[in-house]
Amino acid sequence: MEEGGQVEWFVHRFFERFGFDFRDYSRGSLERRLLRILSIWKSPDLRDLYHRLQSDPSLVSVFVQQITVPFTTMFRDPGFFFELRRTVLPYLSTFPTIRVWIAGCATGEEAYALAILLKECGLLERSLVYATDLNPHVVERASKGIFPVENVRDFVENYVQSGGTEGLSAHYMANHGFVQFDSVLRSRMVFSTHNLVSDSSFNSFQLILCRNVLIYFNRSLQNRVLDLFYESLENAGYLGLGPRETIVFSTVSDRFQRVGPEKLWQKCK
Ligand SMILES: C[S@@+](CC[C@H](N)C(=O)[O-])C[C@H]1O[C@@H](n2cnc3c(N)ncnc32)[C@H](O)[C@@H]1O
């Protein structure tokens with residue numbers, strides 16, 4: 001795939017022409033995704049792909065959808081959510097107004113899971129959960145809070161393993177093959193596009209979750225994004241990452257301390 005620096009050529013041209021910046025995404029996974037797209041689109045090479053995108057810009061959003069990885073689920077890695085209940089919710093409860101940022105929210109399941117935790121602790125009314133992603137299609141889907149009913153089994157299993165006791169069904173209505181999460185949850189959630197590569201912070205937060213996103217970035221972009229999170233967190237605020245992500249070896253490593261067994265750090269006071 002690297003023949004003639006095709007990937008470099010493609011990501012630079014794509015950024016200049018369409019404004020989406022994948023130049024600092026980790027090469028391994030980017031190449032795998034591009035190969036997959038070439039095969040799905042039956043394109044012989046990246047030059048052909050680029051020319052197709054250029055002649056039909058409506059394909060760009062399809063491309064962005066396929067190059068990013070919007071997989072997610074509710075209470076993903078239940079142990080992490082168990083730790084949030086145990087460690088972070090008591091801290092959040094000390095604030096009159098609680099602001100949480102879910103960066104790279106995909107279709108929103110993680111943001112709904114967080115809103116459910118807040119509701120079950122009686123904190124939702126004074127909370128705002130900001131859920132952002134670079135991909136406008138997933139943000140649009142997330143804002144509706146509608147998920148296929150066949151996904152609910154996994155949601156429930158994860159919810160119970162994460163320490164949920166009230167029953168997940170208290171938070172949604174089932175309707176014709178779908179479930180829609182309670183409007184009370186959505187009333188405290190703000191959905192918006194936000195690109196971690198190019199956009200700046202938009203508020204200060206007591207908790208930021210950015211799980212299974214940094215893994216797609218190279219070291220230099222990871223550092224920039226971790227810096228953005230550091231600046232966006234209040235003193236003693238918490239940062240949660242995915243199981244294969246870390247701040248160790250990053251430029252902010254000495255400005256956070258690890259908390260508990262999960263990928264959770266607290267900003268040093
Ligand atoms: C694998 S999903 C993770 C979803 C969720 N956080 C979780 O752990 O289940 C990765 C998400 O990161 C988003 N993403 C990738 N690059 C991004 C960027 N530069 N800015 C914001 N979101 C980005 C993708 O669109 C995708 O929805």
Side-chain angles (χ1 to χ4, degrees), residues 11 14-15 18-30 32-34 36-37 60-81 83-84 100-117 129-145 147 151 154-155 157-159 161-162 189-202 205 207-229 232 238-246 262-264:
V11 291
F14 190 79
F15 171 57
F18 303 110
F20 287 98
D21 190 355
F22 297 110
R23 291 174 300 175
D24 280 331
Y25 279 51
S26 102
R27 278 294 170 272
S29 66
L30 193 63
R32 281 193 297 281
R33 305 298 296 178
L34 285 169
R36 192 165 162 270
I37 291 170
V60 171
S61 66
V62 182
F63 173 82
V64 170
Q65 178 95 2
Q66 292 178 351
I67 196 80
T68 51
V69 183
F71 173 78
T72 185
T73 187
M74 266 199 152
F75 299 94
R76 185 177 185 180
D77 313 311
F80 178 83
F81 283 86
E83 196 58 33
L84 284 185
V100 177
W101 179 14
I102 314 287
C105 68
T107 39
E109 285 85 335
E110 188 180 30
Y112 284 93
L114 210 277
I116 287 167
L117 290 191
V129 177
Y130 294 84
T132 65
D133 199 283
L134 103 160
N135 178 346
H137 289 278
V138 291
V139 173
E140 169 72 18
R141 280 180 58 195
S143 69
K144 296 198 162 70
F147 303 104
N151 296 358
D154 286 346
F155 293 174
E157 214 166 276
N158 288 349
Y159 168 81
Q161 282 180 31
S162 77
M189 299 167 84
V190 179
F191 297 93
S192 161
T193 53
H194 180 281
N195 191 334
L196 290 165
V197 176
S198 48
D199 294 334
S200 43
S201 183
F202 51 92
F205 306 93
L207 170 64
I208 297 177
L209 299 189
C210 182
R211 307 186 65 237
N212 308 297
V213 181
L214 295 186
I215 200 167
Y216 300 106
F217 298 169
N218 69 16
R219 182 63 65 82
S220 122
L221 181 55
Q222 288 181 7
N223 279 332
R224 249 192 296 145
V225 172
L226 287 170
D227 223 52
L228 173 71
F229 292 154
S232 309
Y238 286 86
L239 172 66
L241 301 180
R244 289 153 65 203
E245 296 162 335
T246 183
E262 296 292 331
K263 291 297 181 77
L264 199 56

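Index from 1, following the sequence. Fair warning: this is a prediction, and the values are worked out from it, not measured in the lab. All ligand and atom numbering here is 1-based and tracks the order in the structure.
Here atom 26 (C) of ligand 1 lies nearest to Val69 when heavy atoms of Thr68, Val69, Val64 are compared. When the options Leu241, Leu214, Leu134 are ranked by their closest heavy atom to atom 23 (C) of ligand 1, first place goes to Leu134.
For Gly242, the closest heavy-atom approach to ligand 1 does not fall below 4.0 Å.
Contacts of Phe22 with ligand 1, taken as heavy-atom pairs under 4.0 Å, are absent altogether. Using a 4.0 Å cut-off between heavy atoms, Glu109 makes no contact with ligand 1 at all. By the criterion of a heavy-atom distance under 4.0 Å, the side chain of Arg76, and not its backbone, is placed next to ligand 1.
Regarding atom 5 (C) of ligand 1, its nearest protein heavy-atom neighbour is Glu110 OE1, 3.3 Å. Closest to atom 4 (C) of ligand 1 among all protein heavy atoms lies Gly104 O, 3.3 Å. Nearest protein neighbour of atom 9 (O) of ligand 1, counting heavy atoms only, is Thr72 OG1, 2.5 Å. Val213 CG2, 3.6 Å is the protein heavy atom nearest to atom 12 (O) of ligand 1. Residue, atom and distance of the protein heavy atom nearest to atom 20 (N) of ligand 1 are Leu196 N, 2.9 Å. Atom 25 (O) of ligand 1 has its closest protein heavy atom at Asp133 OD1, 2.7 Å. Remark: minimum distance from atom 17 (C) of ligand 1 to any protein heavy atom is reached at Tyr25 OH, 3.3 Å. What sits closest to atom 8 (O) of ligand 1 on the protein, heavy atoms only, is Asn212 ND2, 2.7 Å.
Within 6.0 Å of the CZ atom in Arg33, the count of heavy atoms belonging to other residues, nucleotides or ligands exceeds 12.
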